[in-house]
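Everything below concerns the one structure shown next.
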Number of protein chains: 2
Amino acid sequence: MSKKRNTTLKELSKELDLSISTVSRALNNHPDISQATKEKVKILAKQLNYAPNLFARGFRSRETHILGVIVPNIAHLFTSTILKGIIEEAELRGYRVIISESNNDERKQVDMLNTMTQFGVDGILMSLSRKTKNVDEVLKVLKRIPIVLFDKVSSKIPCTQIVINEEEAAFDAVEHLIELGKKRIAIIKETENSYNSEKRYAGYLRALKKYGLPVKNKIILSTEDISIGNGRRLTNILLSMKKRPDAIFAITDNAAIGAIKALHKFKVKIPEEIAVVGFSNSVNSTIVSPALTTVDQPGDRIGRTAVRFLIEEIESPSTDVMTKTVEIKTSLIVRDSSLMV
Amino acid sequence: MSKKRNTTLKELSKELDLSISTVSRALNNHPDISQATKEKVKILAKQLNYAPNLFARGFRSRETHILGVIVPNIAHLFTSTILKGIIEEAELRGYRVIISESNNDERKQVDMLNTMTQFGVDGILMSLSRKTKNVDEVLKVLKRIPIVLFDKVSSKIPCTQIVINEEEAAFDAVEHLIELGKKRIAIIKETENSYNSEKRYAGYLRALKKYGLPVKNKIILSTEDISIGNGRRLTNILLSMKKRPDAIFAITDNAAIGAIKALHKFKVKIPEEIAVVGFSNSVNSTIVSPALTTVDQPGDRIGRTAVRFLIEEIESPSTDVMTKTVEIKTSLIVRDSSLMV
DNA sequence: AAATAAATTGCAAACGTTTGCGGTAACGTT
DNA sequence: AACGTTACCGCAAACGTTTGCAATTTATTT
């Protein structure tokens, strides 16, 4: 499987009786080179199937045109949708992408960060692993190359951050329930103060406040791991109360689906007795019955804008690092779980 | 954002008053170097945070330790699970991974193939885009660097191919239905003769044959695009027949879910009147009700073995290229959609 | 025609690493 | 004392590209 060598500038130059530098400049459209030679060179290059050795180039120019991406877990539809956006946008702009996982392990996260810089990536796109406590290492890397955070971000890291308008989206979702006539709206959120959970909770509170509804701590439930099972479990608790809520806002589709399963089991009518709204617009939200009202997060848009900002920072001589938050608009998708006729 | 330079061999050598080559050899544990100097060098290297410039190294040695991966669509849970396996196994073995999408576009596929080789990847992992007609370009690349195919493969390309035991899995699924007492088993498959569809169909036929059941062409349905919608549509056709089937084997979870939705609408009892079995064990299969019996495909195992075989080919001087098919075992997961008590 | 300016092109260094080969010093052997 | 061995180390070339600067040719001006 001997790797055959590619055509090089030297070979082209020998063939054309030109210097290597002239050939190089001709291919790069340097103004110093006459139109005639440019043509000649390009034609032969095409004939011989010339392709620049990217390693030699990256080696010399100290630019690799590679972006590093670190996510907690790639095997997650929302994540892979973001990655799709990242890959497509990067390729569009002549960059390639190296992807790595942190598995929600903070140590692994800084490991990856370091190997990536060692590798010479031009910049890094990262979604923080859950419970990232110590950002010192990240800051150290940030001093050397640009980083853009997305989805799971942290205000402790001064760089541009791409998120969805969590707060507003949650507000919209709850407002939608209120407009339906619901007055006792429960929320299922995360115990851990993750950025996302906090913001969504804030949106929930703001909606209640705007419409003058009381905040009942009893129906504000939290769980460590926001899964289908726990959604189910917490909903059972809600159902056991003497005064049941008339709607559930789950911070996650999975939790919402768990809620629906629980309601189903106890033959509670959805949405008449209790309406349900989720967050994510995962595939499952259309599979479950009744179909789930949820917030659509445009994953590929997130990925694309993250790439745009990163490349911007890479290519422009660059201003100082500073926190800049970019919000991607979401939209509420109303389905049967909150559709009153 | 000026990229600060890393420490180089030269700097180490100057500091230690040794030659660059000695330092290099010391770090690489060359036998020519005394234990004492090795120690000295390594200590200073650690102190100064030395990390070899991978581009310079790759440039010189013509080995990049990068694997290229091409898949039709990353935003697909099964695919991203495979990728997870690929990334993890590759990192374990000191390789990095560049991922790219073909979007089921044959032209894009060869484009990616070419940029990847130009980029200098050591090998390529690929899942073929649907309807790959012309494999000439792939063969051309195969002459230069090793390729390993997975999931969507083709016998026209002489290389190692990692697949699941499609035929056997399908056989097991249908056998399971037969053991349930079902005698008139419909199948929903793809029109296009994809490798996967063909094999699963073959398994279906073999099971019928083994148990002496007749093959009824009427209840062998095909569709171009095997989606939820089409699963629904074809099931409607099955329901309109004077002699309905008593089970449906859908080649895909999505099609099976469509089938369940259709059956639900017409109040057909699952599995008593008609049982349903899918293929993939997607998340949805547990969300839909009744929960779907399906074939579990261990995505990360596929990814991991693909990487193992590829690296094997890269690092061993290599024998000739030839077709070698490796089958990963699946297992049938029985759920309510085929659970008769 | 000479001098100057403009348009092209070539030279050579540099990027950081690996490696074949030659060199030195110390040691053991006759 | 002369030689051969061994252990350790340095020189320098090479990988393919880009680029500042010098060199050459051509065109323009006086």
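Residue numbers start from 1 in every chain, and the chains themselves are labelled A, B, ... in the order their sequence lines are given, proteins ahead of strands.
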Contacts of [X] that satisfy side-chain contact (heavy atoms from CB on, under 4.5 Å) - sequence neighbours left out:
X         : value
Thr160(A) : Val148(A), Phe309(A), Glu313(A), Lys324(A)
Glu39(A)  : Gln35(A)
Arg304(A) : Glu88(A), Glu89(A), Asp300(A), Arg308(A)
Asn29(B)  : Lys38(B), Lys42(B)

Ser24(B) and Ser21(B): side-chain donor and acceptor closer than 3.5 Å?
-> no
Side chains of Asn134(A) and Arg107(A): do they bring a donor and an acceptor to under 3.5 Å?
-> no
Neighbour count above 12 (heavy atom, 6.0 Å) for His65(A) NE2 = yes
Under the ring pair (Phe, Tyr, Trp, His ring centres under 6.0 Å) rule, what pairs show up with a residue in residues 115-157 of chain B, not counting sequence neighbours?
-> Phe55(A)-Phe119(B)
Atom [atom1] of [X] and atom [atom2] of [N]: how far apart are they, to the nearest Å?
X         : N       : atom1 : atom2 : result
Lys10(A)  : dG10(C) : NZ    : P     : 16 Å
Leu16(A)  : dT8(C)  : CG    : C1'   : 16 Å
Gln118(B) : dG16(D) : CD    : P     : 14 Å
Glu63(A)  : dT17(D) : CD    : C1'   : 13 Å
Leu12(A)  : dT18(D) : CG    : P     : 12 Å
Leu9(B)   : dC11(D) : CG    : C1'   : 15 Å
Lys40(A)  : dT8(C)  : NZ    : P     : 13 Å
His30(B)  : dT17(C) : NE2   : P     : 17 Å

Please write out the pairs of protein N or O atoms and N or O atoms of nucleotides 4-8 of chain D separated by less than 3.5 Å, giving the distance to one decimal.
none

To the nearest 10°, let me know how far the axis at one end of the helix from dA1(C)-dT30(D) to dT30(C)-dA1(D) is tilted from the axis at the other, five pairs an end.
-> 60°
side-chain hydrogen bond (donor to acceptor under 3.5 Å, both in side chains) with Thr325(B): which residues, sequence neighbours excluded?
-> none
Would you please name every residue forming a side-chain hydrogen bond (donor to acceptor under 3.5 Å, both in side chains) with Tyr50(A), sequence neighbours left out?
-> none
Carboxylate-amine/guanidinium proximity below 4.0 Å for Lys84(B) and Glu101(A) = yes
Can you list, by residue number, the residues of residues 17-28 of chain B that have a non-hydrogen atom closer than 4.0 angstrom to DNA chain C?
-> Ile20(B), Ser21(B), Ser24(B), Arg25(B), Asn28(B)
For residues 41-61 of chain A, which residues have at least one heavy atom under 4.0 Å from DNA chain C?
-> Phe59(A), Arg60(A)
Flag the pair Leu128(B) / Leu149(B) as yes when at least one side-chain heavy-atom distance between them is below 4.5 Å, and no otherwise.
-> yes
State which residues pass ring pair (Phe, Tyr, Trp, His ring centres under 6.0 Å) with Phe59(A); sequence neighbours excluded, sorted by chain then number.
-> Phe59(B)
To the nearest 0.5 Å, how far apart are CD in Glu15(B) and OG1 in Thr7(B)?
-> 11.0 Å
OP1 or OP2 of dG16(D) less than 4.0 angstrom from a side-chain nitrogen or oxygen of Arg62(B), does that happen here?
-> yes
